[in-house]
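Only one structure is covered here, and it is reproduced in the block below.
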Amino acid sequence: MADLLERTRFDPSEVEPRIVERWLGSGLFSPEPEGDASENYSIAIPPPNVTGKLHMGHALNGSIQDTLVRWHRMLGRRTKWILGTDHAGIATQTQVEKKLIAEGTSREGIGREAFVEQVWEWRRQQGGDIIEQYKRLGASADYEHERFTLDEAYVRAVMKVFVALYEKGYVYRDNYMVNWDPGSHSAISDLEVEDREVTDTLFHIAYPLEDGGGEVVVATVRPETMLADTAIAVNPGDERFTHLVGRTAILPLVGRRLPIIADEYVKTYFGTGCLKITPGHDPNDFEIGRRHGLEEISVIGEDGLMTDAAGPEYAGLTVEDARDKVVAALEAQGLIRAREPHTHEVPFSHRSGRRIEPLISLQWFMRMDELAAPAIEAVSSGRVKIHPSSQSRRYMDWLENIRPWCVSRQLWWGHQLPVWYRENDTYVGETPPEGEGWTRDPDVLDTWFSSALWPFATLGWPEDTPELRAFYPTDVLLTARDILFLWVARMVMMGIEFAGDVPIEHVYVHSVIQAPDGRRMSKSLGTGIDPIALIEGDGDTPAYGADAVRFGLLAMSSTQDVRFSEEKVAQGRALANKLFNASRFVLLNVEAVDAAPRVGGDGFVEDRWILSRLQRVVADSHANIEAFNFHKLALGLYDFVYAELCDWYLELVKAREFDADLSATMLHVLRETLSLCHPVIPFVTEELWSHVPGADGLLAGGRLPQPDESLIDEEAERTVGDVIAAVSAIRAWRDGAGIKPGERLAAALPAGLQAEAVARLARLDLEGARDGEPATVLTPSGAVEIWGGVDPEEEARKREAQREALEAEIARAEGKLANDGFVAKAPEAVVEAERAKLERLRGELTAL
RNA sequence: GGGCGGUUAGCUCAGCUGGUCAGAGCGCUCGCCUUACAAGCGAGAGGUCCCCGGUUCGAACCCGGGACCGCCCACCA
């Protein structure tokens with residue numbers, strides 16, 4: 001206790017690391033796999049990238065999850081927060097490649113086997129960082145059973161799923177136009193593509209007709225792809241061009257004969273109305289090409305350079321150089337008819353930042369429609385509930401328009417496809433094929449393929465483990481919008497198909513924290529704010545502590561995106577400090593009693609009041625957790641601690657002797673408050689808990705107060721409410737009158753007010769000499785008269801102003817009540833409240 | 001081109017099923033070291049609740065239209 005006397009501030013950097021150690025040593029976060037999922041509580045973390053660092057998105061996501069996890073653990077449920085990391089194919093491979101390039105070598109230079117070993121080494125070095133950062137945040141996850149999507153057992157699960165899907169005919173190989181990322185040398189999915197606005201030059205190029213009867217002018221922003229043109233298309237209803245359909249144009253520079261075809265896709269109002277068709281390098285042209293049986297020519301290779309098919313003039317050039325050269329050549333022949341700037345959305349790789357190159361390539365696909373149907377049903381039937389519900393429509397829309405998923409990636413880091421080829425044979429199996437001459441497909445699976453198995457593969461599937469029985473399906477998934485399709489929808493599909501049940505009961509979609517200026521928080525923009533720097537302090541940033549960061553993020557959180565506000569974090573720090581000092585006050589003054597607080601009519605009214613108010617915040621908190629209202633939860637606790645516990649209760653109580661009765665109440669309120677706040681601000685509450693007499697063990701393993709309506713005391717709330725109103729009114733009057741706060745003034749209080757309490761908090765002397773004219777201060781309980789330090793003229797002026805204000809309000813209320821429509825149609829209670837208000841105002845006017 | 005969300009105090013945001021809902025934190029002003037906390041305490045100023053119509057006894061909240069700002073989806077050369 002001695003140390004508490006001297007610590008007037010809560011110092012998170014001293015306390016928090018110490019508390020983390022105690023938690024980790026307790027085993028509380030690693031429950032035994034007993035019972036079933038309906039009685040237990042589990043959350044699977046959205047696995048962060050293994051080599052990543054904790055960013056603000058993780059911090060918010062983690063703070064919410066930990067609040068829920070701690071809450072349910074303190075409800076007494078066996079609670080597991082499944083923790084682990086994702087191998088994150090492209091992202092991780094890119095990092096290691098950068099490192100190799102910095103070392104003067106490359107992945108091709110060292111070969112696949114050595115490269116993969118390098119990535120594992122990288123993971124060994126960096127892989128622990130983010131986990132340590134989660135610990136620093138206070139995340140009460142199951143660190144003893146950390147999983148990784150490339151763990152041996154996890155790989156087996158992935159292989160089993162792939163093979164099963166292949167055997168069902170859902171997984172197949174096909175030639176298709178894919179989003180080729182020249183940066184990562186891999187196909188990436190539509191979902192990994194982001195559109196950026198780009199201003200290109202739209203070239204109008206003349207293609208002569210073969211019969212010499214003129215020319216066709218087409219518009220394109222990518223003249224270099226003309227080398228792969230195999231047709232020209234016009235809209236069949238476009239009368240300007242119907243005479244051309246069926247004729248033939250000659251492709252400049254190449255000389256290829258291009259049939260002129262009609263296709264509905266062509267817009268008459270765009271460009272020249274004539275579209276060059278390049279099935280090899282444009283997704284739309286690819287579709288048109290398939291419809292019309294056109295040849296598919298590839299002049300751009302996977303390395304982003306022009307291929308031999310582009311002709312000797314161009315082979316080997318970059319796309320940009322080829323463009324310049326093509327334009328120059330066309331210009332020389334006088335075939336450029338116009339150039340105009342054209343601003344449009346162009347796909348870029350989310351990962352490498354390079355412009356996507358649509359290419360035709362042989363890839364593995366997964367048909368999704370069969371699995372989508374039950375995933376749709378899961379949400380429409382309510383077995384999976386998405387919050388807020390508006391997000392479920394987006395989920396539905398996506399699933400209802402689902403397209404095949406290209407699951408192969410041309411990477412080395414990931415789950416290599418369990419596919420082997422020998423001449424024309426293909427073998428797909430969990431183990432390599434028998435016999436000689438088989439070569440394994442070098443591609444790996446899209447990272448999201450393995451992520452989709454996360455909730456059950458982490459629990460030991462396909463084995464029937466106690467962990468699966470105890471913790472699958474999980475209760476809640478916390479995520480930002482961006483991976484609703486990428487991850488959540490696929491997880492629901494896979495869960496239903498392979499684990500026999502939906503993987504999650506509730507999906508809560510939370511906000512994205514933007515930079516303070518409203519831009520995206522991102523490292524590349526330089527707008528990122530490091531949560532760990534906020535916790536531990538860094539340069540200009542004070543060490544706010546993990547409690548403050550958690551509180552701040554919860555208080556900021558919402559279902560819509562919000563700008564980061566350091567003030568909310570500061571508010572969290574203030575709360576932690578306030579709670580620390582309030583607890584010091586209690587702990588340094590009470591007798592160490594172990595009695596229950598006295599409840600009921602004969603106790604002090606402020607004791608009954610605080611117990612009643614405590615019940616309200618307990619009930620509200622439970623409701624806010626149920627409704628995923630995390631900002632209300634955090635701010636509700638703040639209000640209770642500040643406005644009710646500290647500003648009023650502790651101040652009221654200071655006048656009293658700290659006897660056994662008071663000690664019992666204070667300790668009870670302290671214990672309950674610490675417990676209730678613990679899921680949000682676990683560190684300061686755990687630290688204080690260790691000083692509470694009779695509080696055994698860790699608070700993290702303790703129990704939450706439960707709502708109990710019977711402890712609401714309306715009478716005490718009214719009485720203390722009147723005290724608060726009166727004291728506030730008197731303080732305001734004092735301040736306005738320029739009277740020093742410390743100066744005690746003689747006063748007379750109306751009957752029915754808790755005189756001593758009011759006198760104490762408002763610095764009044766009920767026995768003092770009453771000289772001269774008193775000032776009148778209006779309170780809901782009646783007029784308070786105060787003598788001394790009063791300027792009569794000033795007082796008269798104020799009184800007049802008050803009278804006018806009152807009369808105006810009375811007139812308003814009277815007008816309302818005189819309105820027949822209001823009296824007739826408004827609910828009885830509303831009318832009654834208006835009458836009561838009028839009554840009160842008239843009383844106040846009379847008192848004046 | 002579709003779809004969704006937003007617009008409330010100087011800043012960041014709460015305001016549920018229309019009636020003490022005009023709020024919080026920060027910032028600002030004034031006054032206080034009132035023996036838990038100066039990272040504190042008390043008081044205060046500050047808002048045509050984006051605009052225009054409508055429904056209603058009553059609208060920040062519901063309906064229609066408009067203006068800005070975001071986000072998502074979509075194949076426009």
Side-chain angles (χ1 to χ4, degrees), chain A residues 4-5 7-10 190 195 200 202-203 218-222 225 233 265-267 269-278 282-288 342 344-345 358 388 390-391 393-394 397-398 401 481-482 484-485 512 514 516 518 542 544 548 552 555-556 558-568 570-574 576-589 627 629 631-632 635 638-639 643 646-647 650-651 654 727-728 731-736 738-742 760-763 816 819-827 829-831 833-834 837:
Chain A
L4 269 192
L5 197 56
R7 291 160 65 190
T8 58
R9 280 185 195 175
F10 175 64
D190 288 344
D195 287 334
D200 285 324
L202 186 63
F203 295 90
V218 299
T220 181
V221 293
R222 301 205 53 193
T225 64
Y265 169 77
V266 183
K267 308 291 181 289
Y269 53 83
F270 190 89
T272 62
C274 299
L275 179 62
K276 68 193 257 315
I277 303 299
T278 321
D282 183 279
N284 304 308
D285 294 7
F286 178 79
E287 300 287 339
I288 294 169
H342 177 58
H344 60 150
E345 299 277 305
S390 58
Q391 297 295 332
R393 242 196 73 192
R394 301 182 55 232
D397 287 349
W398 188 75
N401 299 301
R481 276 190 307 281
D482 52 351
L484 197 61
F485 312 137
V512 173
Q514 301 169 327
Y544 285 105
M556 269 175 251
S558 139
T559 51
Q560 70 169 85
D561 293 352
V562 288
R563 298 179 179 203
F564 180 78
S565 110
E566 194 170 323
E567 287 75 28
K568 283 281 188 296
Q571 195 181 350
R573 178 179 58 170
N577 192 55
K578 193 75 176 172
L579 196 54
F580 186 76
N581 277 294
S583 303
R584 284 177 66 228
F585 176 71
V586 173
L587 294 170
L588 294 172
N589 283 294
N629 266 327
H631 72 272
K632 284 190 184 173
L635 295 171
Y638 178 93
D639 281 344
C646 294
D647 287 351
L650 294 184
E651 293 302 328
K654 278 177 180 173
V727 171
S728 298
R731 282 173 176 166
W733 170 82
R734 272 184 105 104
D735 208 63
I739 297 165
K740 295 285 175 201
R760 190 188 122 65
L761 295 179
R763 306 290 179 101
K816 215 167 177 183
N819 180 335
D820 291 339
F822 175 71
V823 179
K825 296 187 181 174
V830 174
V831 178
E834 199 61 35
K837 181 181 174 185

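All chains are named by letter (A, B, ...) in the order of the sequence lines, taking the proteins before the strands, and each is independently numbered beginning at 1.
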- Task: Looking at every strand, decide which applies to A:Ala732 at a 4.0 Å heavy-atom threshold: base, sugar-phosphate, or nothing.
- Result: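 Counting heavy atoms under 4.0 Å across all strands, the contact made by A:Ala732 is with sugar-phosphate only.
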
- Message: Under 4.0 Å, counting only non-hydrogen atoms across every strand here, what does A:Leu275 touch: a base, just sugar-phosphate, or nothing?
- Response: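 Base, at least one base atom sits under 4.0 Å.
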
Given the [atom1] atoms of [N] and [M], what is the spacing between them in whole Å?
N	M	atom1	answer
B:G40	B:U35	C1'	14 Å
B:A38	B:C33	C1'	7 Å
B:G53	B:A43	C1'	43 Å
B:G27	B:A39	C1'	16 Å
B:C28	B:C21	C1'	24 Å
B:G3	B:A60	P	29 Å
B:C61	B:C51	P	10 Å
B:G25	B:G19	C1'	28 Å

- Message: Please encode protein proximity along nucleotides 29-36 of chain B as a string of B, S and -, counting only heavy-atom distances under 4.0 Å.
- Response: --SS-B-B

- Sugar-phosphate or base contact per nucleotide [nucleotides 7-12 of chain B; S, B, -; heavy atom under 4.0 Å]: -----B

- Can you check whether any acceptor in the base of B:A39 is under 3.5 Å from a donor in the side chain of A:Arg9, or vice versa? yes

- Secondary-structure stems for RNA chain B, with pairs counted as Watson-Crick or G-U when both distances are under 3.5 Å and runs at least 3 long: B:1-7 with B:67-73, B:10-13 with B:23-26, B:28-32 with B:40-44, B:50-54 with B:62-66

- Message: Does the Lys NZ or Arg CZ of A:Lys267 fall within the cation-pi geometry relative to A:Tyr265 - under 6.0 Å from the ring centre and within 45° of the axis?
- Response: yes

- Message: Distance to the ring centre below 6.0 angstrom and angle to the axis at most 45 degrees; does that hold for A:Lys654 and A:Phe585?
- Response: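 Verdict for A:Phe585: a cation-pi partner in A:Lys654.
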
- Task: Measure from the side chain of A:Arg573, starting at C-beta and using heavy atoms only, and say which of B:A14, B:A77, B:A39 lies closest.
- Result: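 Nearest to the side chain of A:Arg573 among the choices is B:A39.
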
- Could you check if a side-chain atom of A:Glu651 sits within less than 4.5 angstrom of a side-chain atom of A:Arg760, using non-hydrogen atoms only?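 Yes, side chains in contact.
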
